[in-house]
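Structure first, then comments.
Counting from 1, the numbers follow the sequence of the chain as shown.
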Amino acid sequence: MTTLSPPSEGSEGSDRAGHVAGLTDAAQPDAAAAARRRSRWADAAVCTGLTVIAVVLTHGLLADPVGRALALNPHDQALVEWFLALGARFWTGDLDLVTRLLNAPDGVNLLSNASMLVLGALLAPVTFLFGAPVSFAVGVAGNLAATGIAWYLLLSRTLRLHRAGAAVGAAFCAYAPGMMSQANAHLHVTSQWLVPVLVWGVLRLAGTPGGLTARRWVRRVAGTGLLLGAVVSVQLFLGEEVLFLTASTLAVFCLAYLLLAPRRAARAAGPLVAGLTVCAVVALAALAYPLAVQFSGRQHVPNGPFAPDFFAADLAGFWTPSPLSWFGSPDAARLVSGPAEYNTFFGVPLLVVVAAAAVWLWRRPAVLAVMVAGLVMAGLALGPYVAVNGVRTGQSGPYRLLHGVPVIDGALPTRFALALVPVFAIVLATAVDRALHDPRRAVRVGVPVLVSLALLSVASKPLPVAERAPVPRFFTEGHWRECVRPGGVLVPVPLPSPANPDKMRWPTAAGAAFAIPEGFFIGPYAAGGQASIGIYSRPTSLLLNEVQRTGTAPTITDAERDRARDDIAYWNASCLVLADRHQPHAAELRTVLEALYGPGRSVDDVTVWRFPAR
């Protein structure tokens, strides 16, 4: 503000006043620049903190990605590492959405599986330099950190919440019990760093000012719609299930907001509908072919392979602490299908604080609409029939209304509960923001303390890891090229299966450069072409699996030799490989293979049986 002296002070006073005015005007930009620098440093500190938490929680895997695996879900890790190796091939021109490099000769529809093509392409430099296991470890930690940072920017910049509240909400979005559970190898679920961008786009459309000129209105709405369409397209190849959950939650939120604040909703409806129409047109144009491949292409599946009754949330799980948290009990694991599906487990303290915060903020329609969306998604998570403490009550759940609906019917009900993570985060962040702007000291201190204690009650332990057998040097050092050309078929012994996919790590170590039969994937091999996990085993595969299971080498007949030759011809295999080390019952397996195919040849740390080209 400029200061002027009265005329009676004379010229000297006027000069002095002008000098003060110049200093004040010059100080204003400097002060604003200093404030911006402080804000950037504060944001950087929060983002660094969120990243450090991710590193701490995943340090066991980061310390030795090659020699360790996630103890609670090593099978999915083997599959995801293979997908990451395949995704890196995008830069070599391998753009096939139905790959023959797994389940040879039939192949696998990548869009019927959680193939994470975008993540594989993004992590390709790491994969090329250090291998897919390192990319996997970076992906586990990076997804958590990036999700937290993206939510922090949305909460602090777009919603303009206090930085402390935004940090609280972002930390919960990244490290909530459900997210830490899914971090056990479900990278397609934890890849949520584009979700805040989708929310930002919807909020930007809804907040389009009414006084804009027609040209500026069209530019803002169409531009935001185009961006949203692009983000939707990328998210589909990053994690389609996350895209579905985000769209469902936003749809319920918009309907709830329409009922709670009809006038405000009516003002936002025009630009929102127009922008989402642009988004839909762009996304459908970009995704028409991929979606055709997913729903009608070769090796597609018409349904989900997972039973909704089995993959549903137990009502008691909502108020039970997660077994992965410091205050959880391992006994709670009986309430879910597996350790990668602790999607509820919020605990009583957190539920009470969130409920109290929602009541405190009841005058804000957006907060109430968010809570309504969360309650709807929580109801769907209970599945077709409600279970309480491990006992099915016979009471139908809201999910039964979706029975038979295409696409939705294939979803895992329990994962609808993941929508509660950002719902709770927004409520908690808003509560902290309001408290820090409250003139009463008790509120300014009490609310953040209560929120912090509630979050501490669900704080996760670091992800547990376990040692795993090394991949033979035959693959890591490139000797596989002596027996199979790139893209050809190599048969690991025993063949990988959904129950034991570890041999998928062999082609992963070679950059998915050769194909293997069978494996761990979703395919159309159940009755009537319905979805299955894996494929039925060929006779030779069944024989080798039995030797692996029992440790006994049976007497081989001529009929078995004929079937073994037929299987090699069916797979169009160039060679068959048995690891000499770290392979249980390797001697018995070698005896059976020699009886089937004759003597093999030792190459480094494996034994190889080669077959002539057909």
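- In this structure, Leu455 and Tyr175 have side chains that are not in contact, with every pair of non-hydrogen atoms separated by 4.5 Å or more.
- Residues Pro321 and Phe345 form no side-chain contact, since every pair of their non-hydrogen atoms from C-beta on lies 4.5 Å or further apart.
- Inspection of the Arg163 and Tyr152 side chains reveals an N or O donor paired with an N or O acceptor under 3.5 Å.
- Put simply, the side chain of Ser39 never gets that close to the backbone of Ala35: no donor and acceptor are under 3.5 Å apart.
- Panel note: side chain Arg444, backbone Pro439; a donor-acceptor pair is recorded below 3.5 Å.
- Not one N or O on the side chain of Gln395 forms a donor-acceptor pair closer than 3.5 Å with the backbone of Tyr385.
- With no hydrogens or angles considered, no side-chain donor-acceptor pair links Gln235 and Glu240 at under 3.5 Å.
- Residues Leu228 and Leu205 have side chains in contact (heavy-atom distance under 4.5 Å, counting atoms from C-beta outward).
- Within the 3.5 Å criterion, the main-chain N or O of Leu418 finds no donor-acceptor partner in the side chain of Asn343.
- Among all heavy-atom pairs drawn from Leu238 and Leu194, the shortest one is CD2-CD1, 4.2 Å.
- You'll find the side chain of Arg434 reaches within 4.5 Å of the side chain of Trp360, heavy atoms only.
- Closest non-hydrogen pair, Leu161 versus Ala429, comes out as CD1-CB, 3.7 Å.
- Separating the CZ atom in Arg415 from the CG atom in Leu245 is a distance of 9.0 Å, to the nearest 0.5 Å.
- Within the 4.5 Å cutoff, no side-chain heavy atoms of Tyr257 are placed close to those of Val372.
- The shortest distance between side-chain heavy atoms of Leu119 and Asn143 falls below 4.5 Å.
- From Leu122, atom CG reaches atom CG of Leu117 across 11.0 Å, with rounding to the nearest 0.5 Å.
- In this structure a side-chain-to-backbone donor-acceptor pair under 3.5 Å is missing from Tyr342 to Gly317.
- Nearest heavy-atom pair, Arg364 versus Thr430, reported as atom, atom and distance to 0.1 Å: NH1-CG2, 3.3 Å.
- Other residues, nucleotides and ligands contribute over 12 non-hydrogen atoms within 6.0 Å of the CZ atom of Arg334.
- Looking at heavy atoms from C-beta onward, Thr190 lies out of side-chain contact with Val140 at the 4.5 angstrom threshold.
- Under the 3.5 Å distance criterion, the side-chain polar atoms of Ser457 are matched with a main-chain donor or acceptor of Ala454.
- Arg220 places a side-chain N or O within donor-acceptor distance of the main-chain N or O of Arg204, the cut-off being under 3.5 Å.
- Minimum interatomic distance between Ser135 and Leu84 (heavy atoms only, all atoms of both residues): C-CD1, 4.0 Å.
- Between the side chain of Asn73 and the main chain of Asn184, a donor-acceptor pair closer than 3.5 Å is present.
- Using cut-offs of 30° and 60° on the angle between ring planes, the pair Phe346 and Phe172 is tilted.
- For the pair Pro448/Leu436, a side-chain contact is recorded, criterion being any heavy-atom separation below 4.5 Å from C-beta on.
- Between Asp64 and Glu467 the shortest heavy-atom distance is OD2-OE1, 4.5 Å.
- Sparse packing is recorded around CZ of Phe130, with 12 or fewer heavy atoms of other residues, nucleotides or ligands lying under 6.0 Å away.
- Remark: side-chain polar atoms of Gln77 are paired, donor with acceptor, to backbone N or O of Leu70 under 3.5 angstrom.
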